[in-house]
Amino acid sequence: MSEQSSHQRIILIDGHAMAFRAFFALPPESFKNGQGQATNSVYGFARMVFNVIKNEQPTHIAVAFDLAGGTFRDRIYDQYKGGRDATPEEFKGQVELTQKMLDAFGITWYTVEDYEADDIVATLATTAEKAGVEPLLLTSDRDAIQLVTDRTTLLQPVKGVTELRRMDPSAVQEKYLVPPHLYPDLAALVGESADNLPGVPGVGPKTAAKWIGLYGDLDGILEHSEEIKGKAGQSLRDNLEAVRRNRQLNEAVRDLDLPGDLDTCRLGRGDLVAINSVFDELSFGPTIRRDIPTALLSESSQKEERVIVANPELPVIEPADGELNAVLGEHAAVGAVVQADGTWAEGQADLRALVLSSDTASIVLQPNELGGDDRAALERWLRNSVIPKRAFSTKLTGHLLSGADLQVRGWEFDLALAEFLCRPDQRPTDEAGLAMRHLQEDIAQAADSGAQQSLDLDGVDSQALVRRASAVRRMVPMLRAELEERGALGLLRDLELPLAVILREMESVGIAVDREKLDELDAEHERQQAQVAEEAFSHIGGEQINLGSPKQLQSVLFDRLNMPPTRKTKTGYSTDAESLNTLFAQTQHPFLEALLKHRDVTKLRQIIETLRKAVTPEGRIHTTFSQNAAATGRLASSAPNLQNIPARSEAGRQIRSAFRASDGFASLMTADYSQIEMRIMAHLSEDEGLISAFRSGEDLHSFVASQVFGVEADEVDTAMRSKTKAVSYGLAYGLSAFGLGRQLGIPQSEATALRDQYFERFGGVRDYLRESVEEARERGYTETILGRRRYLPDLTSDRRQARDNAERVALNSPIQGSAADIIKLAMLRVREGLEQADLRSRLLLQVHDELVLDVAEGEEEQVMQVVKDGMEGAYELSVPLDVSVGTGRTWLEAAH
DNA sequence: CAATTGACGTA
DNA sequence: CGTACGTCAATTGA
């Protein structure tokens, strides 16, 4: 690490001045925590800290605050800093929060009774200079200008708190017309309105600077005040006392007695657990959560690390080499790099470099360039399941290594998953996305900077890779501690981590697709789309509007055809399917029918098109499963999403016939849980009625309906059944009587009655729902059967809307989340069962309550057994888990 | 050109 | 004014 010298640098921040600026830089109404406390200033402060650390790479940092109550300056001049506007209501409390946040950051802050923040800054700057540490002052207070020297630089905020101007002695001279040490002299003459210090009337910076030029300094001017001619001279003589007072007040105190020494201010004492808990309290979002640790735990605050670059000629992973063996053998993190955009080019991503990082050194290597012995050593190391491996994303890293024909065993920690288990509502920790963004930045950066001081690995900055890998390594213990605190370590180790391996395989295998079938479907829908569009145009006078434009539709429907207004949206009236149906019921206008049909066909065609584009040359589609996208713990599928392939409409379902068993396999198998969420509801609520409904083995909704309506099972008609079904599922979603009524097209009063009737028979459900929300409110989180938590601070919000929403989430999360837990367990069991029985059949997809598999010739019976057992026995509820299985040539045929 | 919005597919 | 997602096209805004 050649560029890093032993140069030390301290950032000194005037806390009050900057907190106040931050307050005005960001709108308080957009930054509120769960208690309604404004946090905009705190947020701005955090961003400022991040920026300044990132840009200046300091080794030390400290913040100084004023104390309430006066200082010695007030005793000298009772109008000092008078006449200021009252502190804005929303600023109150934010300084204390900022201080609390700084504690979590491990940043030392000071207050000194009777003195101002500026005096603290002056003292620290003086001390630092003496110790050979370069001070950088971050304050908007002009009193700090006097502190600038050739070793001390002032960072003056220009706009907000992140846009800073560097003020060194020559910059001060240029802007203020005097050198820094004379600025207080000038300010004494000119006055300082911020401190309510009036200067000499008629004397501005130019005159003051001229005088200083003539007489050397303020003392010289005062000595020769009688000689100064003109109006300004007289004005000076009339205000000598004020000038002397100003000068006395604006002199910074440089010799305060502060606790600790410079080392107290050293950067790198942050505590991730504390940081996150304080961010929770502040309701801060994902960006700052990601940024702050990188700054506070950055390389500059750590001891230097040796970097070993392994090239073909360097035999660095030979186990005989004691030191390097230790590097690889001990707790290493693994980092990896991919070349392009991570899409499935020929089914494989392209690994360009791999970083192995330990506490003592990092090794950068290019696995594909490695010589035979080294390559073999690397393979052995990666395959050894006893050696724990960690990565930011084990799934992504696994893909990359697999692309280089390297197999990994012994994954022990995954930062992205750990982070997700701690903060499931924090959205953008999409592992691939985040890693990719970083990598692309690296690549772009490497391309930009022609001069490379670090080794260039095909345009990838090896230093950046090392920084990332060691960041991962250092973050692991912190996240682990946090997981432990939240009781989620087992969830990571026993569920998510092994699942990541399975998902990697599923993504890598992909699912076979019948391309001709897709082409066929596409052609058919294209034809239909054109036909229906013509039909639609014919009903509005032949005008060829864009049927996909809500805006154009609005003008046709509501302006030209004068149809009654529908539900309001941000941009006008809604034209969604429900609104159009309502309009059709009112107007019988044939255009609406054609439009709805056109929507249908267009949607299907889009889906088909998306799928067609996703088919690889090998005739397969590889989705990506995210383990950290859905806050309930469900998986999400993307690029393309294979969890929303049409199933409800007949036309849509045909798309499923394009998914087929792979070559060399006999059939596709689908296996799904029936009513898993209602079963979980029965389990969690311990409602006897619901439990016996499941144990009876009869149709659930009919059984429940017969209870609710008090009729025999064979007297339940379809209307009763569907109403009951709507109530059942509505309950799990926190549905209101209003919503239920709308859904069923019955008056709200009737919906209320229906729900009451339901609760009369299933009182346990009502009690459970009520109690579970209350418990969540007290604890601050909901929990699934496996202890997966979801934190819901809004349950105690005083904003109705936010609270109601959180309550619905609290009702649903344990149910949806427990279902997700169960099918994840099932996937581990199925995968294990297939391996144990030495079967070739393989998992392909998971669709929340359904698994899809490739079944090899002759394995159908065995696979069915493994899958059924694996799923049904995944978790023991107080009701049985029922799984139905189907097989067929295509996904459509396999459905049941 | 990137971000947002409306609409709609799934469980 | 029912939970959880991802994707598309049109639109908006920098």
Side-chain angles (χ1 to χ4, degrees), chain A residues 424-425 427 430 433 545-554 566-580 595-596 598-611 613-614 623-649 651-653 655-656 672-678 681 726-744 748 751 755 769 782 790 792 800-801 804-817 819-820 823 845-851:
Chain A
D425 275 282
R427 289 300 320 235
D430 174 323
I545 65 163
N546 182 348
L547 296 172
S549 161
K551 206 177 156 199
Q552 293 183 38
L553 285 176
Q554 279 167 25
T566 55
R567 182 172 63 85
K568 277 224 168 116
T569 66
K570 285 188 180 173
T571 51
Y573 297 117
S574 171
T575 64
D576 66 11
E578 195 192 332
S579 302
L580 294 182
L595 177 58
L596 282 163
H598 183 262
R599 282 251 180 92
D600 255 16
V601 177
T602 305
K603 180 73 186 176
L604 290 181
R605 194 167 171 228
Q606 274 171 7
I607 293 172
I608 294 162
E609 274 302 313
T610 308
L611 291 176
K613 283 188 215 133
T623 186
T624 300
F625 289 107
S626 308
Q627 255 167 302
N628 56 359
T632 51
R634 272 192 178 180
L635 297 181
S637 156
S638 63
N641 182 353
L642 295 185
Q643 289 180 325
N644 71 343
I645 302 304
R648 292 172 184 173
S649 76
R653 225 175 358 249
I655 297 177
R656 295 193 167 217
D672 57 65
Y673 283 116
S674 67
Q675 295 133 347
I676 189 168
E677 296 195 339
M678 284 306 291
M681 175 97 96
V727 178
S728 290
Y729 278 99
L731 290 174
Y733 295 149
L735 184 60
S736 64
F738 177 93
L740 180 64
R742 205 175 51 128
Q743 154 104 12
L744 290 174
Q748 192 174 328
R755 199 183 55 182
L769 293 173
T782 64
R790 185 167 183 189
L792 297 170
R800 249 276 306 281
Q801 158 101 356
D804 285 356
N805 195 48
E807 286 181 0
R808 288 192 298 275
V809 171
L811 284 175
N812 178 254
S813 292
I815 297 170
Q816 191 185 117
I823 195 164
L845 300 177
Q846 187 253 47
V847 193
H848 309 307
D849 65 359
E850 170 188 11
L851 298 178

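Residue numbering restarts at 1 for every chain, and letters A, B, ... go by the order of the sequence lines.
- dT5(B) and dC1(C) have their P atoms separated by 16 Å, with the value rounded to a whole Å.
- When distances are taken from the side chain of Ser736(A) to each of dG6(B), dC1(C), dA4(C), the shortest belongs to dC1(C).
- Here the P atom of nucleotide dG2(C) and the CD1 atom of Ile815(A) are 16 Å apart, to the nearest Å.
- Each of Thr623(A), Val847(A), Thr624(A) was evaluated against Ser637(A); a single residue qualifies, Thr623(A), per the side-chain contact (heavy atoms from CB on, under 4.5 Å) test.
- Put simply, the side chain of Gln552(A) never gets that close to the backbone of Leu547(A): no donor and acceptor are under 3.5 Å apart.
- Rounded to whole Å, atom C1' of dA11(B) lies 14 Å from atom CG of Leu642(A).
- At a cut-off of 3.5 angstrom, counting only N and O atoms as typed in the model, there is no donor on one side facing an acceptor on the other between the side-chain of Arg599(A) and the base of dA7(B).
- Atom CZ in Arg567(A) sits about 10 Å away from atom P in dC1(C), given to the nearest Å.
- If you take NE2 of His848(A) and C1' of dT3(C), they are 12 Å apart, rounded to a whole angstrom.
- Helical stems in DNA chain C, defined as runs of 3 or more consecutive Watson-Crick or G-U wobble pairs with donor-acceptor distances under 3.5 Å: B:1-11 with C:3-13.
- Distance, Asn805(A) CG to dG2(C) C1': 10 Å, rounded to whole Å.
- As judged by a 4.0 angstrom heavy-atom cut-off over every strand, Ala732(A) is placed among residues making no nucleic acid contact.
- The residue Ala819(A) sits apart from the nucleic acid: no heavy atom pair falls under 4.0 Å.
- Checking dT10(B), dC1(C), dC5(C) against the side-chain heavy atoms of Phe738(A) singles out dC1(C) as nearest.
- Arg605(A) comes within contact range of no nucleotide atom at all, as no heavy-atom separation falls under 4.0 Å.
- Among the heavy atoms of the strands, none lies under 4.0 Å from Leu604(A).
- The side chain of Val809(A) lies closest to dT3(C) when the candidates are dC5(C), dT3(C), dT10(B).
- If you take NZ of Lys570(A) and P of dA3(B), they are 17 Å apart, rounded to a whole angstrom.
- Among the nucleotides dT5(B), dG2(C), dA4(C), the one closest to any side-chain atom of Gln743(A) is dG2(C).
- Looking at heavy-atom distances under 4.0 Å, Gly739(A) makes contact with sugar-phosphate atoms alone, never a base.
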Contact state string [nucleotides 7-14 of chain C, B base, S sugar-phosphate only, - no protein heavy atom under 4.0 Å]: SSSSSS--
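- As a whole-Å value, the separation of Gln748(A) CD from dG2(C) P is 10 Å.
- For Gln643(A) against dT10(B), a side-chain-to-base donor-acceptor contact under 3.5 Å is absent.
- The CG atom of Leu611(A) sits 15 Å away from the P atom of dG9(B) (whole-angstrom rounding).
- If you check every strand for non-hydrogen atoms under 4.0 Å, Asp672(A) touches nothing.
- Taking only distance into account, the side chain of Arg808(A) never meets the base of dA4(C) through a donor-acceptor pair shorter than 3.5 Å.
- Of the listed nucleotides (dT3(C), dT10(B), dG6(B)), dG6(B) has the atom at the smallest distance from the side chain of Thr569(A).
- Candidate nucleotides dA11(B), dG6(B), dG9(B) were compared by shortest atom distance to the side chain of Arg648(A), and dA11(B) ranks first.
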